[in-house]
Amino acid sequence: MWLALPGIGQAVESVRVDPATKAIDLVPMVERYRSDGDEIRISTAPGRDGIVRRIAVKARESGTRPDWIVFALTNDTDEQVDRLLVAPHFRLTGSGVIWPDLGSTRIEAITASQGIRPERDDSPDADIFLVTLDPGTTVTFVAELRSAELPQLQLWNADAYKDRVNGLTLYKGIIIGIAGLLALFLTIVFVVKGALIFPAAAALAWAVLAYACIDFGFFQRIFPITEKAEQVYRAGAEAVLAATLLVFLFAYLNLNRWHVRYSHVTAFWLVFLGALVGLAVIDPPVASGVARISIAAVAGIGFILVLHLATHGYDRAIMLVPTWLLLIAWVTAASFTVTGQLLSDLVPPALIGGLVLIVMLIGFTVMQHAFAGGAFAVGQASDTERRALALSGAGDIVFDWDVTSDKIYVSPEVEHQLGLRRGALEGAASDWLDLIHPFDKDRYRTSLDAVIEQRRGRLSQDFRLRGSSGAHHWFRLKARPVIGTDGEVIRVVGTLSDVTEAKTAEERLLHDAVHDNLTSLPNRQLFYDRLETALTFASQDDSLRPTVLVVDIDQFKTTNDAVGYAAGDSILLTLSRRLNRLLRPQDTLARVSGDEFAIILLSEREPDRIISFADMVRRAVTTPITYAEREIFLTASIGLALHDPQIAARREEVLRNSEIAMSHAKRHGGDRIEVFRPNMRSDRSDHFTMENDLRQALDRNEIRVLFKPIVRLEDRTIAGFESMLRWDHPRLGRVGPEDFMSIAEESGLIVNLGFFLLEQTARELAAWQNALEVEPPIFASVNMSSHHLLRHDLLQDVKAVIARTGVLPGSLKLEMNESLVMENPEYSAQILTRLRDLGAGLSLDDFGTGYSALSYLLRFPFDTIKIDESFVRQMADNKPVILRSIIKMAHELGMETVAEGAETESEAIELYQLGCEYAQGPVFGEPMSMLQARQLVGAAPEAA
């Protein structure tokens with residue numbers, strides 16, 4: 001009841017706040033006032049001392065005449081009591097039918113007569129204030145209302161309110177999820193089937209989803225809107241719901257076939273509801289009231305039509321009777337709710353859930369009608385049986401599930417392959433669950449259930465079956481249902497094929513793409529991905545401080561040369577295992593280059609502990625490694641890049657900072673730890689100067705191509721050349737590849753340099769071949785880096801160069817070292833095969849120095865193997881056992897051999913005696929210019 005007073009209010013009765021009570025409804029206990037001015041004077045409720053005081057409260061805006069409510073709360077306990085005062089913006093209960101209340105902000109501000117001032121909590125759904133009552137006090141509260149309506153006002157225990165909100169949020173999320181899946185499903189069925197009832201059902205499902213999203217506040221959270229706009233959307237959703245319900249009733253009952261008048265009435269009603277959506281923009285309460293009346297009218301008139309047509313034997317109407325009865329019950333409950341006869345807070349969410357249930361029943365009814373019938377299925381069944389017999393006669397693996405007796409038959413080949421007894425796979429479909437991999441069971445069960453329920457479609461699924469040895473084999477099931485005359489599935493027939501090899505290759509391809517082949521640690525690309533993820537999380541969580549450590553082994557190349565490449569690989573493996581044992585699950589260890597490891601450290605946050613961890617890493621590296629009864633001592637230079645939350649650094653920049661710190665440690669003697677500081681970048685000025693000079697070297701014509709002769713040992717003629725780059729620096733003179741190739745790889749210039757080398761070599765090779773008519777033709781080898789092999793346009797570059805220059809097929813050889821192709825063997829095999837098909841020769845460089853399985857050599861289409869000079873040096877100790885084995889293996893595989901590093905005539909003779917076809921080294925000449933190479937080629941026949 002509203003009291004109209006000239007700004008003066010009487011004393012109010014207080015409400016006792018019991019700490020054990022979770023919620024108190026204050027609506028019956030508040031006094032409401034309409035004032036003539038912007039100020040109200042209130043007599044407070046008497047406190048413990050019985051004294052009644054007077055307070056004056058002014059409106060937030062001068063000159064306004066707001067409505068007010070007044071209530072008093074008493075805390076008669078000895079402890080401070082905190083409560084949440086909640087006034088929801090929208091409440092379906094009691095909202096009304098004519099000019100309904102569509103929600104708005106309810107309370108502008110609250111003033112307390114004493115104690116702590118109530119604080120507003122941010123909430124998009126309600127006005128929430130934190131009210132604090134001191135022990136033994138009675139506090140009178142005066143609230144300035146934003147609107148005249150106050151449908152609900154409750155005082156909540158904070159924990160109880162949080163539990164209520166969480167529970168409702170979970171329920172709302174489930175309802176919205178079900179509604180969304182239902183709408184999407186009906187839309188997909190509409191696309192597949194195309195009958196008119198499907199778009200009508202899908203439209204109704206989407207309308208219910210939109211109504212639920214708006215009523216539950218989900219739409220408002222995704223797209224923040226004003227109160228006025230929310231009222232428009234709410235009224236519009238109710239109008240659209242009424243329209244789609246009418247469209248579904250018309251389409252499903254096919255009313256136009258009964259009387260043309262039905263079509264006219266429906267069309268007029270739809271136009272009216274369409275205009276109602278436009279009216280919602282101008283006057284939402286009026287549009288909402290008319291929409292609510294329309295929903296009730298559609299439900300009532302539709303029920304009469306359904307009963308009428310059902311009594312006349314119309315199958316569609318008979319199938320719709322249960323669903324429409326539920327709709328009538330829903331409309332009745334909704335009417336009682338909006339008129340205030342059902343007051344429970346659980347009723348509005350339950351109504352939305354009931355609406356989704358109605359749409360679900362409508363979907364089932366539509367599906368049941370749409371896929372009924374069996375005449376067409378009979379023809380399919382006979383065709384399917386013929387296909388199954390044909391597959392069985394061809395010896396393929398047949399899968400046949402007799403659904404009626406629930407018995408599966410498969411060809412004996414599967415049981416033999418899995419090592420199972422005959423008939424082990426025959427039986428109920430559920431018996432296969434014991435043999436199917438746990439990760440595939442649900443998909444297997446769901447797919448078979450879907451075929452039975454839908455009675456149509458094709459089944460294509462991959463799953464794993466366990467053999468008698470415990471190993472799993474991948475199989476691909478392709479099947480389709482056979483429909484009987486009653487419209488039900490009687491069989492599911494198809495084929496099983498073993499796809500284990502393809503799946504294994506796919507998994508290896510995915511693994512090798514992001515892991516180092518030697519250590520199985522993440523490579524640079526996977527390291528970048530994890531670092532980017534860590535940096536993203538750190539930007540959102542201040543407690544995360546990812547630190548990047550780069551560990552580089554000092555003088556590892558010298559150690560590698562001294563003990564051999566096989567020992568070097570074993571050392572790297574040992575170090576990777578040692579470093580991995582120091583990490584926790586949230587940390588990452590990666591091998592980013594030959595002897596360089598990188599760590600993402602998330603388990604430690606304090607700088608002192610990070611430095612201690614880095615010292616543990618250093619000591620792990622310096623611990624001697626025993627190999628072939630000798631101890632190998634190593635040291636490491638470690639660079640750290642600490643996380644700075646004030647700087648949004650990119651992943652490449654963070655790793656580069658760590659590498660700069662590592663280089664700083666290495667320049668100061670190694671075996672030390674350095675933390676990155678910005679001034680360290682200036683120490684790399686020489687490096688950056690070289691990089692800038694290298695970027696301009698090609699344009700300035702400073703890059704030279706030299707050719708190292710390769711001799712045919714049988715007659716000592718020039719068989720070909722290996723091309724290589726040299727840089728004639730204007731200030732430093734001639735610079736070898738060991739001084740600038742690493743800079744080129746870091747900066748990405750290696751791609752341009754590689755293409756330059758490839759094109760110049762091909763041009764020179766074409767000139768030699770045009771001038772000489774020798775058989776076999778002279779060849780040239782070009783060394784390719786990892787940047788070339790991993791580029792997708794490498795094939796196009798090679799194809800274009802061969803086409804432009806016209807070199808003979810197989811004479812332009814691309815050299816790739818063993819470690820490069822083994823980084824990703826599956827991908828390398830594909831690229832190498834395509835390069836060979838383009839007409840390029842393929843040479844495996846530094847064979848025997850990498851860490852790989854010889855079985856992969858059969859998969860790579862190399863025509864030449866280049867033997868590393870370390871094996872040639874073994875001839876000096878009269879131990880050419882490995883060299884002889886390599887040459888013999890290459891010949892059995894149909895490959896030729898080129899020995900590197902031949903220094904003396906005696907070595908050349910012995911290589912020839914071992915069966916080696918070609919050799920290169922100091923005894924046959926050092927790298928020479930293009931002109932010198934041409935002169936040597938022209939003089940070769942005379943020398944012979």
Side-chain angles (χ1 to χ4, degrees), residues 1-3 5 7-35 38-60 66-88 105-123 125-146 150-167 343 345:
M1 177 178 179
W2 290 98
L3 301 178
L5 296 177
I8 301 176
Q10 300 176 355
V12 295
E13 294 183 4
S14 65
V15 180
R16 179 179 177 271
V17 179
D18 187 356
T21 303
K22 293 183 178 180
I24 301 174
D25 187 7
L26 296 179
V27 172
M29 305 168 188
V30 302
E31 294 184 2
R32 307 177 183 227
Y33 297 92
R34 286 196 175 101
S35 61
D38 58 359
E39 179 177 319
I40 184 172
R41 295 182 177 86
I42 293 296
S43 296
T44 65
R48 181 177 292 181
D49 53 4
I51 299 175
V52 176
R53 297 175 174 82
R54 295 179 63 79
I55 60 173
V57 180
K58 289 185 67 65
R60 299 192 66 176
D67 296 323
W68 307 83
I69 61 171
V70 180
F71 59 95
L73 303 176
T74 297
N75 175 18
D76 57 3
T77 66
D78 297 330
E79 296 179 358
Q80 178 176 291
V81 176
D82 292 330
R83 288 292 185 270
L84 293 178
L85 185 67
V86 181
T105 302
R106 304 298 180 178
I107 299 177
E108 184 72 29
I110 293 182
T111 303
S113 63
Q114 61 174 314
I116 300 175
R117 177 183 179 184
E119 296 182 1
R120 180 187 288 270
D121 288 348
D122 291 333
S123 174
D125 303 322
D127 295 323
I128 302 177
F129 293 86
L130 177 61
V131 174
T132 301
L133 302 177
D134 292 329
T137 61
T138 297
V139 183
T140 301
F141 296 89
V142 181
E144 177 186 352
L145 298 183
R146 179 78 174 269
L150 185 64
Q152 189 178 49
L153 184 67
Q154 291 181 323
L155 193 67
W156 279 90
N157 177 284
D159 293 334
Y161 183 76
K162 180 179 179 181
D163 293 340
R164 176 181 180 273
V165 170
N166 290 340
L343 300 177
D345 286 340

Query - Within 6.0 Å of NZ in K162, more than 12 heavy atoms from elsewhere - result: no
Query raised in the report: Could you go step by step and tell me if V139 and L73 meet the side-chain contact (heavy atoms from CB on, under 4.5 Å) rule?
Result: CA-CA 5 Å; V139 183; L73 303 176; 5.6 Å; no
Report task. Please name the pair of heavy atoms, one in R34 and one in D67, separated by the smallest distance, quoted to 0.1 Å. Result -> CG-OD1, 3.2 Å
Query raised in the report: Between Y33 and I42, does a side-chain contact (heavy atoms from CB on, under 4.5 Å) hold up when you go through it step by step?
Result: CA-CA 10 Å; Y33 297 92; I42 293 296; 4.2 Å; yes
Query raised in the report: In terms of side-chain geometry, is the basic nitrogen of D76 or R16 positioned less than 4.0 Å from the acidic oxygen of its partner?
Result: yes
Query - Heavy-atom donor-acceptor pair, R120 side chain to E108 backbone, under 3.5 Å - result: yes
Query raised in the report: Nearest heavy-atom pair of R54 and S43: which atoms, and what distance?
Result: NH1-OG, 2.9 Å
**Report entry** Interatomic distance, F129 atom CZ to L84 atom CG [nearest 0.5 angstrom]
**Finding:** 11.5 Å
Report task. Any chance you could measure I110, atom CD1, to D127, atom CG, to the nearest 0.5 Å? Result -> 8.5 Å
Query raised in the report: Can you tell me if E31 uses its side chain to pair, donor with acceptor, with the backbone of W68 under 3.5 Å?
Result: no
Report task. Keeping the roles fixed (side chain from T77, backbone from E79), state whether a donor-acceptor pair exists under 3.5 Å. Result -> yes
Query raised in the report: Quick one: CG on N75 to OG1 on T137, what's the gap to the nearest 0.5 Å?
Result: 5.5 Å
Report summary line: For T21 and R83 the tightest heavy-atom approach is O-NH2, 3.9 Å
Query raised in the report: Does I128 offer a backbone N or O that forms a donor-acceptor pair with the side chain of D121 under 3.5 Å?
Result: no
Report task. Would you please test R117 and E119 for salt bridge (charged side-chain N to carboxylate O under 4.0 Å, His left out) and show each step? Result -> CA-CA 6 Å; R117 177 183 179 184; E119 296 182 1; over 6 Å; no
Query raised in the report: Out of curiosity, L26 CG to L155 CG, how far, rounded to the nearest 0.5 Å?
Result: 5.5 Å
Report summary line: Separation between CE (M29) and CD (E13), nearest 0.5 Å, reads 10.5 Å
Report summary line: For V17 and I24 the tightest heavy-atom approach is CA-CD1, 4.3 Å
Requested in this report: Run the numbers on L150 and V27 for side-chain contact (heavy atoms from CB on, under 4.5 Å), then give the verdict.
Outcome: CA-CA 8 Å; L150 185 64; V27 172; 5.7 Å; no
Report task. Please answer whether the main-chain N or O of P66 pairs with a side-chain N or O of E144 as donor and acceptor at a distance below 3.5 Å. Result -> no
Report summary line: Distance col, row I107:CD1 vs L145:CG, nearest 0.5 angstrom, shows 6.5 Å
Query raised in the report: Would you find a donor on one side and an acceptor on the other, under 3.5 Å apart, between the side chain of S14 and the backbone of A72?
Result: no
Query raised in the report: Are the side chain of S113 and the backbone of T140 linked by a donor-acceptor contact shorter than 3.5 Å?
Result: yes
Query raised in the report: Within a radius of less than 6.0 Å around CG of D78, do more than 12 heavy atoms belonging to other residues, nucleotides or ligands occur?
Result: no
